[in-house]
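Report on the structure given below.
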Amino acid sequence: MDAEEERRGFQKGDLEMCRRFAGYLREHLPLLAVAIAAMVGAGAAQVAGPWLIKQGIDQYILPGRFEELWKIAGLFAGALAAAFVCQYVQTAAIGQVGQNVCFKLRDQLYAHLQKLPLRFFDTQPVGRTVTRLTNDIEALSELVSSGVVAILSDVVILAGIVCVMMWMNLKIALMAFLFLPALVFITAIFRARVRESFRTIRLKLARLNAFLNERVQGMRVLRAFNAESETADRHAAVNADHYEAHMDSIRLFAVYNPVVDMISTLSTAVLIAFAARGILAGQMTFGELVAFLAYLEMFYKPIRDLAEKYNILQAAFAAMEKVFGLLDEPAEPAPRLARPVTRFAGRVKFDQVTFAYSKGIDVLERVSFEVGPGERVAIVGATGAGKSTLASLLMGFYRPGAGTVTLDGVPVTDYDPPALRRRVGYIAQEPFMFSGTLAENVTLGDPEVSEDRVRRALTTCGLTASDRVLASRMAERGATCSVGERQLIALARCLVFQPDLLLFDEATAAIDPMTESRLQRAFREVSAGRTTLVIAHRPMTVRACDRILVLHRGRLVESGDHEELLRRGGVYAALFRLEEAAA
Ligand SMILES: Nc1ncnc2c1ncn2[C@@H]1O[C@H](COP(=O)(O)OP(=O)(O)OP(=O)(O)O)[C@@H](O)[C@H]1O
Ligand SMILES: [Mg+2]
């Protein structure tokens, strides 16, 4: 999270956001109405309590009519029961509305993520996107369940108390509220300070999270380079910042809470002083005094809780902005024609393709080549030459800035993306494994792929296909597999779907000769009879191909077979000699 992103107060866009959020609440109007009715009921029942006590004292206890006291006791019990039922209904109903809104927003966000262009994921930290789906949405649910209704409920109770007190005894009530303006003034100052403090806390917390996230992920490197003590120092600094921010707010509350208590006590003292005279002068009853004392106690409690509710509101506004911001990220444009795909012959053509990830820095420059059906073509080039980028363009992950990438004569971006990707077998340079069984990783959860097909694919790729292997569990990101194994599994993943075109981005990691030969055999099997584009990092793979394309700093500089290119003595010859020397 950026500092910039966090530094905000309520702004004019907030109204717009609230309106949008209200749209989600509108779907649950009946439930919301039930919650609000229950809230008013609970408020009324709570406010009725002290008034009933007053009646009991003035009408039955002081005159000594104890035998009739049960009438008031019954009413009091009734009020208690009503408050209980109403509070139950209110909490359950509003909680349900909050969770429903949460559920819908989460589903919407996840569905939207699936439609966002990959460019988005290149630039956004994973942690931030996940925070949107979890914490931020949680903050919105909190707003519904504890924010809006609790504040409304407080307002109802406060207004109820003021009205009942004034109705019971206007003069004494005014005396009791003598210090109210001072309280409003102090609260306003406090609110401004605490807003700043809460904001700083959130900022420091985000920094702490980001720091921990990165260090835990990079633990292996930290250990390898003995950087523990350096990161411990950095951690201590971030931690101290976080501590200071919290202490600041603790100090604020340490002042505010006693001030509210003091005002409440002063009010009580003033009330008792005036009430004593009032009672003596017959302007006030003893029951009224007891009721007033209870009301004053009730009155100051929500004021003390104010800061917490303010925090919920603040967090919710910040979360709302981020959640809606993510929902408003433009989705990948839908293909114009969305051509149906049955089978591809496998004719690939790059025509004057230029591409840049960020404006002005061309990663590919006017690349043109053609691959015929059934041909096996290797793409080679130095690190950063743009090879993987080429594959991404063919998969339709990105759109070329200029020129066209066609498959069977149609621009790849005109095909329905899922249909295109189903017929093109793509093995990424760093194959990704999901947590689950190996079999699930091969089928990616597609129920149409039979177990038999999975076994055949694994065997073709030189892996054992026993029940134990199929059911073996993979760790997150395939952390428990070697890079070579991951590539073999990825090859099998491609094979079960019988693609028309194979796009293989070979891993750069060094692989032992045994795995190398297993991978080579698997590659030959899988690529037999299919148009194959392989981004090759190993001489053995290159030799298995009919033609070689050489990419150098985003340009296609050479093309031909191994012998031809060696004879030319250009970029390929230089690359090859280096590899031979290294081998
Ligand atoms: N998602 C991205 N966002 C921005 N720049 C990128 C991105 N991916 C790659 N690049 C840049 O584009 C250039 C080409 O990258 P590419 O991954 O295509 O290289 P490569 O030829 O596959 O290299 P290698 O052999 O190391 O895999 C590099 O300079 C890289 O820094
Ligand atoms: Mg690459």
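Positions are given from 1, in the same order as the sequence printed here. Hydrogens, waters and symmetry mates are skipped; everything else that's a heavy atom, side chains included, is used.
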Between Leu116 and Glu332, is any pair of side-chain heavy atoms under 4.5 Å apart? no
If only atom types and distance count, is the side chain of Thr404 paired as donor or acceptor with the main-chain N or O of Pro411 below 3.5 Å? no
Might you confirm whether atom CD of Glu448 has over 12 heavy atoms from other residues, nucleotides or ligands at distances under 6.0 Å? no
Atom pair OG1 (Thr406) and NZ (Lys349), whose distance is rounded to the nearest 0.5 Å: 6.0 Å
Please confirm whether the ring centroid of Phe344 lies under 6.0 Å from the ring centroid of Tyr415. yes
Taking NZ, NE, NH1 and NH2 as the nitrogens, is one of them in Glu230 or Arg234 under 4.0 Å from a carboxylate oxygen of the other? yes
Tell me whether Arg530 contacts the main-chain N or O of Pro499 through its side chain, where contact means a donor paired with an acceptor under 3.5 Å. yes
Regarding Arg553 and Glu365, does a basic nitrogen lie under 4.0 Å from an acidic carboxylate oxygen? no
How about Val377 and Val534: do any of their side-chain heavy atoms sit closer than 4.5 Å? no
Report the C-alpha separation of Ser388 and Asp505 in whole Å, then their side-chain angles, then the decisive distance to 0.1 Å, and conclude whether the side-chain hydrogen bond (donor to acceptor under 3.5 Å, both in side chains) test is met. CA-CA 7 Å; Ser388 299; Asp505 200 344; 2.6 Å; yes
Run Glu440 and Thr437 through side-chain contact (heavy atoms from CB on, under 4.5 Å) and show every step you take. CA-CA 5 Å; Glu440 281 163 2; Thr437 65; 3.4 Å; yes
Using the side-chain hydrogen bond (donor to acceptor under 3.5 Å, both in side chains) rule, take Thr532 and Glu375 through it: C-alpha gap first, then chi angles, then the decisive distance, then the call. CA-CA 6 Å; Thr532 303; Glu375 215 184 343; over 6 Å; no
Is it true that the side chains of Arg376 and Ser527 contain a donor and an acceptor less than 3.5 Å apart? yes
Pairwise side-chain contact, Leu25 with Val144, heavy-atom cut-off 4.5 Å (strictly under): yes
Does the pair Arg521 and Glu525 meet the rule for a salt bridge (Lys or Arg N to Asp or Glu O under 4.0 Å), with working shown? CA-CA 6 Å; Arg521 225 172 313 132; Glu525 285 272 351; over 6 Å; no
Measure the spacing between CZ of Phe350 and CG of Leu549 and express it to the nearest 0.5 Å. 10.0 Å
side-chain contact (heavy atoms from CB on, under 4.5 Å) assessment of Leu407 paired with Arg347: CA-CA 6 Å; Leu407 182 54; Arg347 182 180 299 283; 6.0 Å; no
Trace of the side-chain contact (heavy atoms from CB on, under 4.5 Å) decision for Val454 with Val449: CA-CA 7 Å; Val454 175; Val449 180; 3.9 Å; yes
Could you tell me if the ring centre of Phe103 sits under 6.0 Å from that of Tyr24? no
Can you confirm whether Leu458 sits close enough to Val442 that some side-chain heavy atom of one is under 4.5 Å from a side-chain heavy atom of the other? yes
Below 4.5 Å, heavy atoms only, C-beta onward: do Val348 and Glu370 meet side chain to side chain? no
Pair listing, ring-ring contact (aromatic ring centres under 6.0 Å, His included) test, anchored in residues 546-569, at least two apart: His562-Tyr572, His562-Phe576
Could you report the tightest heavy-atom contact between Phe211 and Thr231, atom names first, then the distance? CZ-O, 3.6 Å
Backbone of Asp561 reached by a side-chain donor or acceptor of Arg547 within 3.5 Å: no
Do Arg20 and Asp328 pass the salt bridge (Lys or Arg N to Asp or Glu O under 4.0 Å) test, and can you show the C-alpha distance, the side-chain angles, and the key distance before you say yes or no? CA-CA 12 Å; Arg20 192 164 165 188; Asp328 290 342; 3.0 Å; yes
Are Arg423 and Leu501 side-chain neighbours, meaning at least one heavy-atom pair lies under 4.5 Å? no
Show, in sequence, the C-alpha distance, side-chain angles and deciding distance for Tyr357 and Thr389, and conclude whether the side-chain hydrogen bond (donor to acceptor under 3.5 Å, both in side chains) test is met. CA-CA 9 Å; Tyr357 286 103; Thr389 307; 3.0 Å; yes
Under-4.0 Å salt bridge between Glu138 and Arg106: yes
Test of ring centre spacing under 6.0 Å for Phe504 and Tyr426: no
List the steps, then state whether side-chain contact (heavy atoms from CB on, under 4.5 Å) holds for Leu551 with Glu558. CA-CA 7 Å; Leu551 209 58; Glu558 290 165 19; over 6 Å; no
Any salt bridge between Arg19 and Glu16, counting N to O under 4.0 Å? yes
When rounded to the nearest 0.5 angstrom, what is the spacing between CZ in Arg399 and OG in Ser392? 14.5 Å
Neighbour count above 12 (heavy atom, 6.0 Å) for Arg366 CZ: no
Contact between Leu109 and Val323 at the side-chain level, heavy atoms closer than 4.5 Å - yes or no? yes
OG1 of Thr531 to CG of Leu502, rounded to nearest 0.5 Å, is 9.5 Å
Donor-acceptor contact present, side-chain Thr200 to main-chain Glu196, <3.5 Å: yes
Look only at the side chain of His112 and the backbone of Leu327, and say whether a donor-acceptor pair between them is shorter than 3.5 Å. yes
Is there a side-chain contact between Leu364 and Leu556, using heavy atoms and a 4.5 Å cut-off? no
